[in-house]
Structure formats: C-alpha cells, structure tokens
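Report on the following structure.
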Amino acid sequence: MASERYNPQDAEPKWQARWAEADVFRTENDDDRPTYYVLEMFPYPSGRIHVGHVRNYTMGDVVARYKRAKGFNVLHPMGWDAFGMPAENAAMQNRVHPKDWTYENIAAMRGQLKLMGLSLDWSREFATCDVEYYAQQQFLFLDFLEKGLAYRRTSKVNWDPVDHTVLANEQVIDGRGWRSGALVEQRELTQWFFRITAYSQDLLDALDGLDRWPDKVRLMQQNWIGRSEGLRIRFAFETPPSGGDTALEVFTTRPDTLFGASFMALSPDHPVAQACAKDNAALAEFIEECRRMGTSVTAIETAEKKGFDTGLRVRHPFVEGHTLPVYVANFILMDYGTGAIFGCPGHDQRDLDFANKYGLPVVPVVLPPDEDASGFRIFEEAYTGDGTLINSDFLDGLTFPDAKEAVAKRLEDVTLDGSAQAERQINFRLRDWGVSRQRYWGCPIPIVHCPTCGAVPVPKADLPVRLPDDIEFDKPGNPLDRHPTWRDVACPQCGAAARRETDTMDTFVDSSWYFARFTAPTAETPTDTEIVDRWLPVDQYIGGVEHAILHLLYSRFFARAMRDTGHLKLAEPFNALFTQGMVTHETYRNDAGEWINPADVDISEREGRRTARLAATGEAIEIGPIEKMSKSKKNTIDPSDIIETYGADTARWFIISDTPPDRDIQWTDAGVEGSQRFLQRVWRFITDANRIRADFSESKPESMDATGTEIRKAVHKALVAVESDIEALAFNRAVARIYELVNTLMRIQQSLDETPSPSVRWALREAVDYLVHMMAPMTPHFSEECWAMLGQSDMVSVRPWPNAEPTLLVESTITLPVQVNGKRRDEIVVDADASQSDVEGAVLALESVQKFLDGKTPKKVIVVPKRIVNVVA
RNA sequence: GCGGACGUGGUGGAAUUGGUAGACACAAGGGACUUAAAAUCCCUCGGAGCAAGCUCUGUGCGGGUUCGAGUCCCGCCGUCCGCACCA
C-alpha cells in the first residue's frame, strides 16, 4: 500500500548506518572545492544532551548540509569541552574518578547526538581532557610565556576557606561561596595570567570589522573592554607620608573639573593608605571594615559612601596655596586607574554624596546651557552633563572639551620633581586574564618551582605534563597538592629538588582554540600551519549568547597570541557569529507548590481554556509562566524521548520552525505533533505524486502546458526563496516557504484528472525531486527515504542543490494594488513591462476608482513600478 | 545609574526595508468520513456593522513627516537583556 505512514523508527537508524558506511561526512583537507567551516559551540559532557543542544546543532547541520549541496568542502566537526568542576564534584559525591565520569558521559552523549542524524565528521572528534589535546595546550602556554603573553604575579582572589579554592566573582553570592556558603576571604595568591591587555586596543578596533557578528555582542565586548581617554595627574603632597612618594597620582576623564576638586580619595588597598595605616590604628580598622564589606551586587548598591581622613594634604596644581584633604574611601577600586581620584562633588554623584557627608565644599564648575551662573547651585544632585566652565580661572567660558584640552596642555608643561605633572593616558576596563585554578580536573600548567631558579618552564621535550590518575578526593581542595609523588620533581635547570606547579588552567583556555585544532586534530604541534590557514576563520559560528563576552573575547585573544607565536596567520577566528535564543517551556506546579515535569502532565483545551492534570492520578495541576528550561523548575524535555516517539527529523523540523532562531523558542507538544503531521502529509503527497509522475529517464516535453508551468513556477520560486532564507539563517522563513509550496502542489494535484498531460507529469517529477532537496538539510532521514521511494539509488545527502531556472522566476503580468488617497480600493492586472502612463490610464478607467473620484480629476497619480498605484483625489 | 533591544490576532510569527498588514504554523470552533475512535479532508477564525459581497476600524499610547507609516522622526508607557562604586 502506497499510503503507508512514514516510519522514522525504521528509516532513521537505516540512513544513519548508510551514511556511516559510506563515510559521506568525512572531510578531507586536500580538496579543490572552496572551503566552508561551520561550527557550533562544543558541549560540556554533563551526561545528557538537552533541547538547547538540539536547537544549536540542528541549525549548524542545516547550514552544513546546505553548503555541502552547494558545492563546498564543508568542515563540520564535534568535540567535548571536557575539563571542569562538575567532574570533580561528581567524584566527591559518588566516588567515581573524574576521568571515568567524563568519558562515560561523552560516550552517552555521542550516542544521543548520533541519533539526531547530524552530518558531522566524527573522525576529528576530541575531548579537551585527552592528553593529546592538553599537551598541545601546554606547548602554547610555553610559547606564550616566552613571548611575555603569559606571566606570573600576586593578585587578590576570592578564597573559599571550606572548599579550599579560588572563586570567580560570579561564584560569590552575598559574600559567601556559592557551594560551601562559607564567608569568602580576600587572599593574595601568586597566579598565572595571560596578557590579554596587550591587545586591548586591537580587540576593540577589530570589532568594527566583524560585520557578520550581532551588534549586541560587539557592543557588549566594546563595553567590556571599556576604553576611556583621560589624564594622569600627579598631585604634590604638602608633607609627604612616611616612606611614601612625594606626589599622589590619579586618573581622570574629567580634567576640566579640576577647579571643582575638593578632596582626594584613595582605595583602601592603595600603598599610601597602607603606609598611613601602619601608624594609625583607627585607619587600619577602617580599611579592615572596607574589606569585609565584600563585592556583591547588593553590598555595592546599598553601601553608604564612607571615608577616613588620613590627615595628609595635597597641593592644587593651579591654585597657589590651596590644599586638598586626602581620604581613604570605600568606593575607590584599586584595580582601575591608579586606585586614587580627585573628588569633584559638583559633577559626580558619588563625590557629592561623599562631600555632603563629610561637609566638604561643593563648587560648581560646569554650567548647564540653560542655567544662569549666578543662580546655579548644586545640593543633592550632581550635574554630569555638557556645559561651559565657570569658577575655573583660565578655563572660564570654555566648552568642556576645550577645557579638557587646556588643562592637559598646561599640566603637560608643568614639571614636578623634574617630570611632567600630567600626561594623557588611555585606560581600559579590561584586565589580564587570570588562568590559575586550584583544581585537579584541568590542564596542568607546565611549570616547575625551584627554590633557587624560581618558576622554570618544563622543557618542551618533557611535555606533556600528564595529570596523574591515582588521586584521592577524600578532602576538599586540590588533590594535586596532596599527591605523594607527582609534584616532586628535579628542577629542569639546576637539577635540585623542586615542586611542580599544582594549579591547572581555567577551562576557558581549553575552549579558546579548539576550533583551530579541529582542522588538524592529530598534528604533532598545536596547529598544522599549512592546514589551519586554509580553514580559518570559521565561516559560521553558532552558539548561545551567554558566551558573548568571555569565551568569544578569549578566543579572539588566543587567535592573536597564536598568530604572534607563529601558530596561525590571522587575528579573528570567527568570520560570522550567530547567537541562538533559549528554549523555554510552560511550568507546572501541584497544590503543594512542587514543580512537575511536563512529561507527567496531561493538557486539555476547550473553548480556549487550558487545564492540566497529573497523568498518573488526575490531580489538578496549575499552569505557570513560560520559562527557560531548567532542572530546578523541572520544565525540561528529554530530546531522547522526543526522538524515540517522533523521530529526529520531527524534532529538527519543529525546533527550526516558526520562531526566528535568535529568539527564545517555546517548546510545545502541539508544535511537535504539528511537525510530525506535516512530514506525514509530505509523505502522502510524494507517494501520490510518485504514482503519476514521469519516470526520471523520461525527457522534458518540448513545451509546457499551463498547469505544468504553474507547478514549475511555484517550485522554482520556492527554491530560490529557501536558498536565501537558509543563507540568512532565517530557517523559520524557509520552513514557511516549504509549507506554502506543499499546500500549492497538493491543491494542484487534487485538481488533476485521471491521466495528466506529459507536461504535468514531468513538472510533478521535478517538483518532488526539488522538494526533497529543499527539505534535506532540515529533515535528512526523511528526505533520503523519499529519495529512495522516487527510485533513486544514490543518497540525496551527496547530491548537488538544484538550479532554479531564471525564466520561471519572472512573471509576464503582475497584479498591482490600487489605492485612492492611500486606501486600498482595488487591484489591477497589468503587463510586467507596461509603461507608467498605460498603468495610469488603466487604473483611472477602473469603476472602483471612478466611484471614489466622483467625477473629479485626480490631483496626482503615483505609479510605483511593480509595486503599487495611488490615486490622490 | 549607564548602555542596548523589543512591543503586530487567542498563540509563535510573516511583511521584498516606506508600498495590498496578519503569509506560514499552532490552538480553537463548525462540518464530512467512521458503528466508534484515531488518522484524513473541507469551512470559519483581528475588531465592529449586515446573511453576504461591502463599509468602517486596526501593528503599545500621543503627536509629526509623506501621495502612502508596522517600518522614518519626536515624546510617553511597558517588557526583556548586558554592564555596574570604572573616576
């Protein structure tokens, strides 16, 4: 029976096996065709794939399959971002080795991904925890070290005293460790850094050239890099502090407000503050208090501006005899600028709050354009806008850019202790990237610490530094520190007893260059320079917007650092970036307020009213808001369940339908079932068409009849539309085009008589052929099954994309809407090449237009060729 | 606080970038087929007015530019996101 249903449970494993057998998705590096590298952000092997992965990898696969059909040599690899804390947490909780846990998860997830029918070159697969990969990363580290792009210094860190580890700022919640809940301490630790700031300006400038990145991401990176131009000014101390410098340096972007300065403020960590605290117990206590306050968001928002007068005073650079008090203040950051500011209360809100609290003078020096100088006062609100200078001696009357320039010029020429009192400076918010982690499950930093030679790089001949397998997780902290033998080595330089560096690298390092490694995953060096330059930059990178800053910025840094160490030739790794939206789902709760998984809920809808019940017991369930899928709200869907029930193609089709791929998509059962129904509908259509279509060997009739032409026009127009939609990653529009085409074709097919003409039969053959091709990137198994049904012996996955015939895309006549006074009143069919005056004449003759003109002559007739006609009465 | 994005039927969303608003889909309602269900097919579906062709109205709100505005400009309202004591 030809009307059998399409059965994905049989078809999908069959085609997956056929693809694997023929090895059709293996990519060779030496191939004459143009290259196309499409990459989706590789997953962390948590154990199960989630629907977000399905969305991400389906989008990439559509592009990969489409580009392959378009004649490109496509690189579409997959790997695993496999180092990281969850493996160690699992080790502590379940007494499994992080390595076993990780590789088992990878095996499970690889199996799940294979069920999706992705056209991946699995021969290039690797995990970042493979020693072959992290060994190469250690080479890179040594090369960076040699170039000064990696270095070591002490730095303040958030230290969790219970877990014995450093925490990132995001892992500190209200001053406590996110896992342990312990009060976080500030500790000075010696840490390894990558000198990302060496490229601050370049990373910023090059954003302009990334015109195929979302503006949003570029802007976020721009803000993150945070360039500001200003002046570094030295204020002479009236009486220098003990052992300190003779002048205090500050950075400011508002040198124009210098005459409004009424105090100086130091960070509690500023050397001068530290020095003063030595003989001032009260100040030492104040500094301690500032430290305890913490860095959490709420602490910062609610904290009162507080200060402590050190008793020191500095001289105003322009006003002879005028001195300013020096405070230590809790709102000054040590790691921005110089860790010291001059406070101008009139034009900075924080400075104003501070000045009001401590009774310091408030002198307005910038007058808003619409204010009168004599009446202008500042009380509770600082004026931060534009204006002209007042109360400022030689600056009076200048606009504020001019004033900035005037101050800079004058201070550059004034000397203080033999050097200029000020210099222009560009400051960045971006800081060097601390990569040390006190963790086991990461890439070991290839360094040996020798009591005499210091930090000595492990010679390249001795690489890799392998992670030892025999470790214990019985105590918190880094097990490498407690390993009985691993850390004890001879110094590579002097041979004396020395210790290995036990810190491992931040896992963001692993993901900063994996895209390069995919081009030659077994090379003896980090990259094969010959091959990597052929593939990079990645033509299309696809992933979540949550990586807009860190991962993408680090990767851009790595490309530059790898270029400067000879591993690459380019600076920008990703030519085009696409950030996909999240997957959301309704939430459900029972009477007790517990979250319920969608799989356990039955939904019914009558007269627009939706109700939910627990499938097992019939208990009423409350339907909550639609939210991002999360374990905590239990509103997750397991892709494996969906694939088992409906097949991968249904899941793939659903996830790219309807919603634009950069927006959040709502997962609904109804939507999935709709996708399933559509595939069955196409199956029926092709089955029916197959009965009446012409044989593939039959030649094209000399001339097409009207119905044949109608079919062909619909098909060829859909083809070019689908092409441009896929090129634009507008998969939802491509899907809508295909729906439209199938509707049209089915309508025509239903109206055919018993024995259609040769033209129609031939057109129908072409129609199903093209339809199968158009759907193949989205629903590959289904398309193969259709292709086989049409009697083809090869696979549609290796077939070229069909060509549209230009003559079928143009119409000889067009339908123009006719407006009278901007309102649509009628439409008119005209020749495509009709002259404007012909169109105008025809429109004015229309009865509908006459009716609205009411015998009068129109003032004006606007004819927009091939668009619209508007009659102005 | 600073920066940015968005607002279209019951729902997801189209709209060739200033030219027929609501393509396509989901949901809902009605009908056909069936002993029945599933599956499938047909019809209706922004609002108001008449049975219907038809008319008016309609893209968060208020103005403006234009022959013509979902699209451009100004001012509000709302939602979401990023950064945040950055001098």
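Everything quoted here is computed from the prediction, not taken from an experiment. Note on naming: letters A, B, ... go to the chains in the order of the sequence lines (proteins, then strands), and numbering restarts at 1 for each one.
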Of the listed C67(B), A87(B), G82(B), the closest approach to the Met220(A) side chain comes from G82(B)
Is a donor-acceptor contact shorter than 3.5 angstrom present between the side chain of Lys305(A) and the base of C85(B)?
-> yes
Using whole Å, report how far CG of Asp215(A) lies from P of A5(B).
-> 8 Å
Please determine, for the side chain of Ala736(A), which listed nucleotide (U20(B), C24(B), G4(B)) has the closest atom?
-> C24(B)
Relative to the ring of Phe354(A), is the ring of Tyr327(A) parallel (under 30°), tilted (30 to 60°) or perpendicular (over 60°)?
-> perpendicular
Find out whether the Lys NZ or Arg CZ of Arg429(A) is both under 6.0 angstrom from the six-membered ring centre of Tyr336(A) and within 45° of the ring's axis.
-> no
Salt-bridged, Glu405(A) to Arg424(A), with N to O below 4.0 Å?
-> yes
Can Glu249(A) and Arg232(A) be counted as an ion pair, charged N to O under 4.0 angstrom?
-> yes
From the list A87(B), U20(B), C26(B), which nucleotide is the closest neighbour of the side chain of Tyr336(A)?
-> A87(B)
Do the side chain of Lys404(A) and the main chain of Thr253(A) share a donor and acceptor less than 3.5 angstrom apart?
-> yes
Do Asp664(A) side-chain atoms and Gly581(A) backbone N/O form a donor-acceptor pair below 3.5 Å?
-> no
May I have the distance from Arg824(A) (atom CZ) to G18(B) (atom P), rounded to whole angstrom?
-> 22 Å
When every nucleotide of nucleotides 7-15 of chain B is labelled 5' to 3' by its protein contacts under 4.0 Å (heavy atoms), B for base, S for sugar-phosphate only, - for none, what sequence of letters results?
-> -----BSSS
Distances under 3.5 Å only, N/O to N/O: pair up the protein atoms with those of nucleotides 39-43 of chain B.
unit_1 : atom_1 : unit_2    : atom_2 : d
U40(B) : O3'    : Arg684(A) : NH2    : 3.2
C41(B) : OP1    : Arg684(A) : NH2    : 3.4

Taking for each residue the nucleotide of RNA chain B with the nearest heavy atom, is it Glu740(A) or Gln819(A) whose nucleotide lies nearer the 5' end?
-> Gln819(A)
Taken to the nearest 0.5 Å, the spacing of Phe678(A) CZ from Phe654(A) CZ works out to 15.0 Å
Atom-pair distance (CD on Glu546(A); P on C80(B)), nearest Å = 19 Å
The reported gap from CD in Gln850(A) to CG in Asp826(A) (rounded to nearest 0.5 angstrom) is 12.0 Å
If pairs are Watson-Crick or G-U with both distances under 3.5 Å, what is the dot-bracket string of RNA chain B, marking crossing pairs with [ ] and pairs to another strand with |?
-> (((((((..(((......[....))).(((((.......))))).((((....))))..(((((..]....))))))))))))....
The residue, Asn821(A) or Asp348(A), whose nearest nucleotide of RNA chain B is more 5′ is Asn821(A)
May I ask you to evaluate whether Lys823(A) reaches the phosphate of U57(B), defined as a side-chain N or O under 4.0 Å from OP1 or OP2?
-> yes
Which part of the nucleic acid, if any, lies within reach of Asp335(A) when heavy atoms closer than 4.0 Å are counted: base, sugar-phosphate only, or nothing?
-> nothing
Which way is the base of G9(B) turned, syn or anti, if we draw the line at 90° from 0?
-> syn
Check every strand shown and say whether Phe251(A) touches a base, only sugar-phosphate, or nothing at a heavy-atom separation below 4.0 Å.
-> base
Charged N to carboxylate O under 4.0 angstrom, Glu586(A) versus Arg610(A)?
-> yes
Does Arg5(A) count as lying over the ring of Trp683(A), i.e. NZ or CZ under 6.0 Å from the six-ring centre, within 45 degrees of the axis?
-> no
Check every atom of U20(B), C26(B), C86(B) against the side chain of Ala670(A) and return the nucleotide holding the closest atom.
-> C26(B)
What is the nucleic acid contact for Val864(A), judged by heavy atoms within less than 4.0 Å: base, sugar-phosphate only, or nothing?
-> base
Chi-based syn or anti call at U17(B), which uses purine or pyrimidine torsion atoms and a 90° bound = syn
With the side chain defined as heavy atoms from C-beta on, Arg825(A) is closest, among A87(B), U20(B), U55(B), to U55(B)
Taking A23(B), G19(B), A84(B) as options, the one with an atom nearest any side-chain atom of Trp224(A) is A84(B)
Measure centre to centre between the rings of His316(A) and Phe235(A), then say whether the value is under 6.0 Å.
-> no
Check every strand shown and say whether Asn870(A) touches a base, only sugar-phosphate, or nothing at a heavy-atom separation below 4.0 Å.
-> base
To the side chain of Leu333(A), which of C24(B), G19(B), A87(B) is closest?
-> A87(B)
Check the surroundings of atom NZ in Lys357(A): do more than 12 heavy atoms from other residues, nucleotides or ligands lie under 6.0 Å from it?
-> yes
Ignoring the backbone of Phe852(A), work out which of C86(B), A27(B), U55(B) is nearest its side chain.
-> U55(B)
Check every strand shown and say whether Ile738(A) touches a base, only sugar-phosphate, or nothing at a heavy-atom separation below 4.0 Å.
-> nothing
Contact class for Lys859(A) vs. all strands (heavy atom < 4.0 Å): base, sugar-phosphate, or nothing?
-> nothing
Fit a plane to each ring of His585(A) and Tyr588(A), take the angle between them on a 0 to 90° scale, and name the class: parallel (under 30°), tilted (30 to 60°) or perpendicular (over 60°).
-> perpendicular
